[in-house]
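Just so it is clear, the structure is predicted and the values come from calculations on it, not from any experiment. Naming convention: chains lettered A, B, ... in sequence-line order (proteins, then strands); numbering from 1 in each chain.
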Amino acid sequence: MSEIPKAYEPQSVEEKWYQFWCAEGCFTADPARVSDQRPGYSIVIPPPNVTGMLHLGHVLNNTIQDILARKARMDGREVLWLPGTDHAGIATQVQVEKALKREEKKTKHDLGREAFLERVWAWKEKHGGIIIQQLKKLGCSCDWTRERFTMDEDYSRCVQKVFVDLYQKGLIYRGKRMVNWCPVSQTALSDEEVEMKPQKGFLWYFKVEVADAPAAPAAPVGSGEGTESDERDGKVTYGPMVEDGKTCLLIATTRPETIPGDTAVAVNPKDPRYAHLIGKHVIRPLPVENQARIPIVADEHIDIEFGTGVLKVTPAHDKADFDIGQRHQLPAVDVLNPDGTMNELAGADLKGLDRFEARKVAAAKLAEIGALVKEERYENNVGFSQRADVPIEPRLSEQWFLKYPGVTSARACVEQGGGDSGSVGGGDVGGKVVPLAGRMRFHPDRWAKVYDHWLSNIQDWCISRQLWWGHRIPVWTKTHADEDAARASVEALTQHGPAVVARVEGKTACAATAVGSVQESLVGGGWIQDPDVLDTWFSSWLWPFATMGWTGDPAVDAENPMLRAFYPTSDLVTGPDIIFFWVARMIMAGYEWMGDLPFRNVYFTGIIRDKQGRKMSKTLGNSPDPLDLIAKYGADALRFGVMRSAPLGQDVLFDEKDVELGRNFCNKLWNACRFRQLQGGEVEGEIDPALLGSDDQWILLRLDQAIREIDEAFADYKFNEVTATLYRFFWNEFCDWYLEAAKAAFQGDDPARKANVLAVIDFVLGHMLRVFHPFLPFITEELWHDLGYAEDLPEDQGGKTIMVAHWPKPFDEDFKVHYGLESTAEQLATAKYDLVTKGRNFRREFNIPANRKVAFALRPAGRLESHEADVIRLLLNAETLEVNPDYVPPKGTPSAHSPLGELYLPLEGLIDVEAEKARLTKELAKVAVEIQKVEQKLGNENFTSRAPAPILAEHHQRLTDWQARREQIKAALECLI
RNA sequence: GCGCGCUUAGCUCAGUGGUAGAGCACAUCCUUCACACGGAUGGGGUCGCAGGUUCAAGUCCUGCAGCGCGCACCA
């Protein structure tokens with residue numbers, strides 16, 4: 001046993017033990033050790049972006065995973081926490097492009113695809129490990145021998161296999177459709193990557209001439225012949241206008257720059273104002289040099305109430321317009337370049353301008369030609385590219401799409417919340433493995449509804465990205481002179497058997513294959529690989545099994561020891577912001593390729609915000625660097641602080657004070673152990689039941705209670721409740737009362753009693769360090785060894801490391817009987833502490849400094865053992881405590897009542913009769929209020945006749961107690977007169 | 001528009017129909033030999049509003065308001 005320094009210094013301790021754990025292979029999972037007696041427990045890490053730096057969201061997320069993993073080890077399970085990183089297509093590519101621009105003033109096109117990718121790999125090798133190193137600082141017990149990267153060779157092979165499989169199943173197809181185009185990243189995005197944001201802009205009203213209007217227009221609804229609008233009930237209605245014998249329509253738009261792309265205007269067929277014009281044509285005003293005639297079509301999509309009831313239809317630049325275009329066979333005229341500038345078809349005035357600049361110019365042009373009628377300020381929702389934070393451009397382009405597989409299973413497996421599903425059957429936390437019949441639970445369960453809603457409305461997934469960094473689509477094409485030639489070249493591929501899936505699309509032969517040798521022969525044969533890469537999430541959704549060596553070959557996979565031992569995984573811990581991106585897709589993939597769900601439980605964390613409730617962001621600068629916090633307070637402190645302020649599923653308002661509290665907690669723990677050590681004596685001696693005082697019994701029963709509460713909270717994933725219990729038990733119960741009470745024995749002259757108290761302290765601390773360990777891995781390991789608790793244990797039960805010490809069990813009946821733990825002792829202790837609190841209160845009431853020793857007197861209600869009285873004296877910080885059944889206090893002596901008797905503080909020379917009178921009178925008033933409350937209830941016939949007996953009895957007891965209290969105060973007041 | 005969450009002490013939040021809780025902050029006292037990153041004591045709450053169910057509601061139900069989030073979306 002080495003001596004413990006005065007203040008806890010986390011840095012050296014953390015460094016030392018993390019190295020120890022790694023060197024000893026404590027984090028390494030061995031599937032061969034998994035058995036019925038030693039069930040497997042597994043988590044796959046949500047792979048952070050390889051470009052990432054640790055932020056507080058990671059701290060919360062990974063601390064939870066580490067707590068689960070460490071708890072499972074102590075529960076005797078074989079634990080795999082599988083770490084890794086994600087190649088993060090756009091983010092990483094952008095980062096490297098920026099560096100290239102900054103350092104060499106070059107673009108990726110200057111280098112070319114291959115050379116650029118070499119740069120990205122080089123960058124990844126240099127910077128990609130940062131976040132992994134940071135996770136180690138946090139104490140994460142990941143199996144680093146199994147670290148994976150989504151671009152690892154094996155992993156890429158999985159991605160390709162899955163693609164080919166889906167292609168073969170006909171779920172993947174290529175099509176020219178409207179997609180979300182990011183003009184900055186210059187790639188298509190999935191619907192999930194588009195974020196709707198309200199934007200302030202304008203609604204421009206412009207008129208177009210109907211070229212072939214009927215001679216006698218029907219009277220427009222609303223009266224106004226020839227008027228552009230009519231106000232009725234304060235509402236503006238619109239209709240066709242007649243000016244100089246010409247009929248015009250008024251159209252409202254937020255995007256006048258797309259007018260050159262209009263190929264129709266549309267009205268609702270039920271709209272009487274325009275019915276007579278359907279089938280006619282209008283003159284499109286822009287571009288001025290190409291004012292084409294475009295038809296007026298009728299479409300149900302048009303909202304009669306909105307705007308003027310006339311919609312300009314731009315099939316190439318709006319999803320809804322595209323659909324209208326399809327219904328009416330309208331041509332699509334694309335007036336934009338991929339980078340968001342206007343192209344030639346937009347006309348001479350707009351060509352080359354950025355879309356936002358073009359918007360202003362187009363509006364000005366309309367005004368110039370007299371077509372602009374008015375402009376209104378207008379706020380509407382615009383889709384933004386989540387990554388580049390610019391408005392996305394709906395764009396017609398050729399992309400790869402996926403019809404989601406496994407949707408039915410994915411929907412069915414997640415238990416829908418709202419029922420009476422309590423913690424019973426709550427998966428496999430807390431050591432109990434409850435079969436869930438293939439079902440999965442979300443925590444908190446309200447996310448199940450969100451998940452289900454999304455799954456019931458999903459659209460096909462656009463999986464191709466116009467990037468270079470990522471998994472390149474494993475499809476090769478060869479274009480031939482005619483269809484027959486194409487067919488022949490596809491035929492030739494049958495020599496490869498099922499390894500290649502080939503099709504003919506017109507004159508083009510298409511072949512998808514994941515087999516390297518076939519790929520090589522295709523390239524050799526002049527086939528061209530699709531230039532696009534796959535959406536990053538198309539690789540992430542395979543994470544739970546692709547990381548475990550899945551091959552896609554059923555015979556091989558059935559023999560894979562990792563998959564057998566650790567799939568399905570036990571828990572997934574992630575943020576609700578990726579429930580669609582990742583969680584839902586992993587569930588589908590799990591069913592599709594493993595035939596089983598990928599995890600039993602999903603824990604959704606909250607979002608970390610600053611203390612004002614704002615999201616953490618780089619621009620606000622409100623995001624503290626976790627490594628700074630670790631350096632300042634220690635990793636344990638950070639973990640404890642964050643966990644303590646993170647209730648299940650609620651956002652966390654982060655305050656550095658929380659971490660400070662964590663540090664204080666560690667320091668307190670440190671010093672409590674130091675106190676134990678300074679007492680010397682035998683380590684973990686035998687507890688003699690005969691020598692247990694009421695304080696000893698009390699703390700043992702409190703420990704039992706704490707363990708029960710902690711187990712319950714763990715079963716419900718309520719980690720902040722665990723921390724609350726740890727805090728209360730250790731600080732308020734163990735330190736504030738038990739250790740202070742124990743000092744009476746240490747200062748006394750009974751060595752047997754002293755030794756017994758030491759044994760109790762060791763017992764409690766030994767349990768406490770273990771339940772603390774998942775939250776505070778470093779300090780508990782250090783103290784476990786310093787206090788010598790590891791010494792007599794077998795190596796695999798805590799002898800080597802607290803990591804695998806057995807998780808404490810609540811006491812069973814035999815234990816309680818053996819140690820004579822009973823509620824009367826507990827009540828005695830509670831009564832003592834109650835009495836002490838009242839006695840201490842005298843100091844404040846009568847302005848007696850805390851350091852002044854005073855003499856108390858106690859007139860006991862019954863027998864009080866001398867060692868119990870010693871404890872009271874010590875806790876009161878009393879010079880003496882006179883225990884005297886016949887004690888008669890001097891007049892004016894403050895008194896306090898408790899079940900143990902009357903406590904007096906005779907204040908020699910300081911008697912203040914008035915002050916004590918005032919104090920007692922105040923208290924009497926309080927008591928009177930309580931008595932009134934209870935009497936009122938008990939006087940209520942309804943209550944007394946219907947309330948259950950125990951409740952009634954409790955109320956009667958309450959009344960008796962308060963009444964007794966009232967009599968005592970009255971008696972005390974009598975004495976003052 | 002649909003859905004979800006939140007509203008309890010100055011702040012951040014627990015709270016399981018039966019005597020309103022914690023941490024921080026605040027006030028007073030104390031460097032007493034584990035800890036000032038500490039100890040002791042205390043003040044502070046019409047539990048968002050309005051109804052309802054119940055002997056009993058912070059807790060269950062209905063409605064409303066405010067805040068936040070998600071989904072959808074009209075140019």
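- B/C47: no Watson-Crick or G-U partner with both key distances under 3.5 Å is found in any strand.
- Within 4.0 Å (heavy atoms only), A/Cys735 reaches at least one base atom of the nucleic acid.
- Ion pairing of A/Glu930 with A/Arg965 is absent here, as no side-chain N (NZ or NE/NH1/NH2) approaches a carboxylate O to less than 4.0 Å.
- Of the nucleotides present, B/C69 is the one that pairs with B/G3 by Watson-Crick or G-U wobble criteria, both distances under 3.5 Å.
- In the set B/A34, B/A14, B/G5, B/G5 carries the atom at the smallest distance from any side-chain atom of A/Arg446.
- Comparing atom distances between the A/Ala947 side chain and each of B/G18, B/A40, B/A36 picks out B/G18 as nearest.
- The closest side-chain donor-acceptor pair between A/Gln963 and A/Thr960, if any, does not fall under 3.5 angstrom.
- Side-chain atoms of A/Lys657 lie closest to B/A25 of the nucleotides B/C55, B/G42, B/A25.
- Taking 4.0 Å as the cut-off between side-chain N and carboxylate O, A/Lys743 and A/Glu740 count as a salt-bridged pair.
- Across B/A75, B/U31, B/U12, the shortest atom-to-atom separation from the side chain of A/Asn380 is found for B/A75.
- For the pair A/Glu954 and A/Arg958, the salt-bridge criterion is met [side-chain N within less than 4.0 Å of a carboxylate O].
- Taking every side-chain heavy atom of A/Pro849 into account, B/C29 is the closest of B/G68, B/C29, B/G15.
- The phosphate of B/A75 (OP1 or OP2) has no side-chain N or O of A/Tyr205 nearer than 4.0 angstrom.
- Residue contacts shown for A/Asn841 are limited to sugar-phosphate atoms, with no base heavy atom under 4.0 Å away.
- Mapping A/Phe665 and A/Arg946 onto RNA chain B via the closest heavy atom, the residue that lands nearer the 5' end is A/Phe665.
- Judged by distance alone, with hydrogens and angles left aside, A/Asn940 brings no side-chain donor or acceptor close enough to the base of B/C55 to form a pair under 3.5 Å.
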**Request:** Apply side chain to side chain donor-acceptor pair (under 3.5 Å) to A/Gln932 and A/Gln936, showing your working.
**Result:** CA-CA 6 Å; A/Gln932 205 198 346; A/Gln936 207 169 6; 5.2 Å; no
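- Within the 4.0 angstrom heavy-atom criterion, no nucleotide atom of any strand lies near A/Pro576.
- Nucleic acid contact for A/Phe842: none, since no nucleic acid atom lies under 4.0 Å from a heavy atom of the residue.
- Counting any heavy atom pair closer than 4.0 Å across all strands shown, A/Asn877 reaches a base atom.
- Of all nucleotides listed (B/A14, B/C55, B/U19), B/U19 comes nearest to the side chain of A/Glu930.
- If you take CD1 of A/Ile848 and P of B/G39, they are 22 Å apart, rounded to a whole angstrom.
- Counting atom types as modelled, A/Lys668 pairs no side-chain N or O with a base atom of B/A36 as donor and acceptor under 3.5 Å.
- Here A/Arg663 lies in heavy-atom contact (under 4.0 Å) with a base.
- Using a 4.0 Å cut-off between charged nitrogen and carboxylate oxygen, A/Lys374 and A/Glu376 count as a salt-bridge pair.
- Residue A/Cys666 is the one, among A/Cys666 and A/Asp736, whose nearest nucleotide of RNA chain B lies closer to the 5' end (criterion: closest heavy atom).
- Whole-Å rounding puts the A/Ile579 CD1 to B/G3 P distance at 18 Å.
- The pair A/Lys657-A/Asp655 fails the salt-bridge criterion, with no side-chain N (NZ, NE, NH1 or NH2) lying under 4.0 Å from an Asp/Glu carboxylate O.
- As judged by a 4.0 angstrom heavy-atom cut-off over every strand, A/Ile951 is placed among the base-contacting residues.
- Remark: B/A34 base-pairs with no nucleotide; criterion is Watson-Crick or G-U wobble with both hydrogen-bond distances under 3.5 Å.
- Nucleotide B/G10 is matched to B/C24 when pairs are restricted to Watson-Crick or G-U wobble geometry with both distances under 3.5 angstrom.
- Counting non-hydrogen atoms under 4.0 angstrom, A/Leu661 reaches the backbone sugars and phosphates but no base.
- Nucleotide B/C35 holds its C1' atom 14 Å from the CD atom of A/Gln679, rounded to whole Å.
- The residue A/Ala724 sits apart from the nucleic acid: no heavy atom pair falls under 4.0 Å.
- Looking at heavy-atom distances under 4.0 Å, A/Lys926 makes contact with sugar-phosphate atoms alone, never a base.
- Within the nucleic acid shown, A/Lys838 has no heavy atom closer than 4.0 Å to any nucleic acid atom.
- Atom CZ in A/Phe581 sits roughly 13 Å away from atom C1' in B/C71 (whole-Å rounding).
- You won't find any donor-acceptor pair under 3.5 Å spanning the side chain of A/Glu740 and the base of B/A40, going by distance alone.
- For B/U19, the OP1/OP2 oxygens have no side-chain nitrogen or oxygen of A/Lys933 closer than 4.0 Å.
- When the nucleotides B/C4, B/A27, B/U19 are ranked by their closest atom to the side chain of A/Lys449, B/C4 comes out on top.
- Base engagement by A/Asn381 is indicated by at least one non-hydrogen atom pair under 4.0 Å involving a base atom.
- Side-chain atoms of A/Thr837 lie closest to B/U41 of the nucleotides B/A75, B/G18, B/U41.
- Nearest to the side chain of A/Trp731, among B/A14, B/G39, B/C35, sits B/G39.
- Using a 4.0 Å cut-off between charged nitrogen and carboxylate oxygen, A/Lys319 and A/Asp323 do not count as a salt-bridge pair.
- Taking a cutoff of 4.0 Å between a charged side-chain nitrogen and a carboxylate oxygen, A/Lys312 and A/Asp262 qualify as a salt bridge.
- Side chain of A/Val450, nearest nucleotide from B/C35, B/U19, B/G70: B/G70.
- Not one side-chain nitrogen or oxygen of A/Asn667 sits closer than 4.0 Å to the OP1 or OP2 atom of B/G38.
- A/Ile607 comes within 4.0 angstrom of nothing in the nucleic acid, heavy atoms only.
- Taking atom OH of residue A/Tyr8 and atom P of nucleotide B/A36, one finds them 17 Å apart after rounding to whole Å.
- Base-pair partner of B/U59: not found among the strands shown (Watson-Crick or G-U wobble, both distances under 3.5 Å).
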